[in-house]
Undergrad: 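Below are the structure tokens for one structure; questions will follow.
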Amino acid sequence: MIRAARVPADRPVRIAFSLDGAPDDAPPRDAAPLVFPELDQQLQPLPPRQDSLESMQVFRQHCQIAEEYHEVRKEIALLEERKKELMAKLAQAEKEKVDAAQLAREFEALTEENRALKLAQSQCVEQLEKLRVQYQKRQGSS
């Protein structure tokens, strides 16, 4: 016997049916209760008419489609989560790339500054040496 009741759209719906009186060649694989809480109320499978084999078949097909819909939605949710993860990794990689480029520029600038400072130091050392020589000459001539 099939029992049907109106349920508010915001509540999960459990659908159960029995194949009592159905031909023996139809397997009772759909006899277990099905739950489709993610479906909108207008998409919920309507209980079949128990006296109509065609109605039972349509109901089974609708339940099967609802299950497939649930699986697809689950897969979409997983893929969207994976997309978020990959987007975050991409953003991090781009940030690291920008950071690496900035560090390379800073390294080049510091290397150039270091070269310039070493050149200035060597010039100062040369100048100091010349001044010492001049000072020693003055000391020796006096």
Side-chain angles (χ1 to χ4, degrees), residues 1-140:
M1 171 180 275
I2 297 172
R3 295 182 188 104
R6 286 283 180 205
V7 179
D10 62 334
R11 298 195 56 201
V13 176
R14 294 183 66 96
I15 299 174
F17 67 96
S18 168
L19 296 176
D20 294 341
D24 289 337
D25 60 339
R29 62 182 174 85
D30 295 328
L34 301 173
V35 180
F36 303 106
E38 73 284 348
L39 286 180
D40 293 337
Q41 185 66 27
Q42 71 262 17
L43 298 178
Q44 293 289 332
L46 298 175
R49 286 184 40 198
Q50 64 184 9
D51 60 345
S52 170
L53 182 59
E54 183 180 5
S55 177
M56 295 294 282
Q57 290 173 342
V58 168
F59 179 73
R60 275 191 231 114
Q61 288 174 344
H62 195 164
C63 290
Q64 193 173 22
I65 290 169
E67 288 176 18
E68 291 172 6
Y69 174 79
H70 176 69
E71 290 301 315
V72 168
R73 293 289 302 252
K74 218 165 46 170
E75 188 173 342
I76 287 171
L78 290 173
L79 290 172
E80 286 176 347
E81 186 62 33
R82 179 72 177 140
K83 177 185 171 185
K84 286 179 187 176
E85 291 171 5
L86 291 174
M87 294 294 283
K89 283 183 180 180
L90 178 63
Q92 181 65 27
E94 287 176 353
K95 183 182 181 301
E96 289 173 0
K97 184 179 176 182
V98 168
D99 290 346
Q102 182 179 354
L103 288 173
R105 286 190 301 273
E106 287 179 26
F107 178 77
E108 287 179 31
L110 290 173
T111 302
E112 180 59 31
E113 183 181 353
N114 189 27
R115 187 189 65 74
L117 289 172
K118 284 183 178 181
L119 180 62
Q121 179 197 20
S122 66
Q123 289 173 347
C124 288
V125 167
E126 282 179 30
Q127 190 177 11
L128 179 63
E129 194 57 37
K130 287 179 184 178
L131 289 172
R132 279 188 187 154
V133 169
Q134 286 176 356
Y135 181 73
Q136 285 176 354
K137 284 183 182 178
R138 283 187 192 167
Q139 289 288 338

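Given the structure is predicted, the values throughout are model-derived calculations rather than measurements. When a residue number appears, it is its place in the shown sequence, counting from 1.
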Undergrad: Got a second to check how far Met56's CE is from Asp51's CG, nearest 0.5 Å?
TA: 10.5 Å
Undergrad: Distance check, rounded to the nearest 0.5 Å: Gln121 atom CD versus Leu117 atom CG?
TA: 9.0 Å
Undergrad: What's the separation between atom NZ in Lys83 and atom CG in Leu79, rounded to the nearest 0.5 Å?
TA: 10.5 Å
Undergrad: What's the separation between atom NZ in Lys130 and atom CG in Leu128, rounded to the nearest 0.5 Å?
TA: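 Between Lys130 NZ and Leu128 CG, I get 12.0 Å after rounding to 0.5 Å.
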Undergrad: Using 0.5 Å steps for rounding, measure from the CD1 atom of Ile76 to the OH atom of Tyr69.
TA: 8.0 Å
Undergrad: Should we count CD of Glu85 as having more than 12 external heavy atoms under 6.0 Å?
TA: yes
Undergrad: With sequence neighbours excluded, tell me which residues meet salt bridge (Lys or Arg N to Asp or Glu O under 4.0 Å) with Arg105.
TA: none
Undergrad: Thinking salt bridges, do Glu71 and Lys74 make one under a 4.0 Å N-O criterion?
TA: yes
Undergrad: Listed by chain and number, what are the side-chain hydrogen bond (donor to acceptor under 3.5 Å, both in side chains) partners of Glu112, not counting sequence neighbours?
TA: Arg115
Undergrad: Please list, one pair per line, the donor and acceptor atoms closer than 3.5 Å that link side chains of residues 93-103 to other protein atoms, with sequence neighbours excluded.
TA:
residue : atom : partner : partner atom : Å
Lys95   : NZ   : Asp99   : OD2          : 3.2
Glu96   : OE2  : Gln92   : NE2          : 3.1
Gln102  : NE2  : Glu106  : OE2          : 3.3

Undergrad: Enter the distance from Arg60:CZ to Ser55:OG here, rounded to the nearest 0.5 Å.
TA: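 Rounded to the nearest 0.5 Å, the CZ-OG separation comes out at 10.0 Å.
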Undergrad: Report, as yes or no, whether the 6.0 Å neighbourhood of atom CD on Glu75 holds more than 12 heavy atoms from other residues, nucleotides or ligands.
TA: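 No - once you tally the heavy atoms of other residues, nucleotides and ligands closer than 6.0 Å, there are 12 at most.
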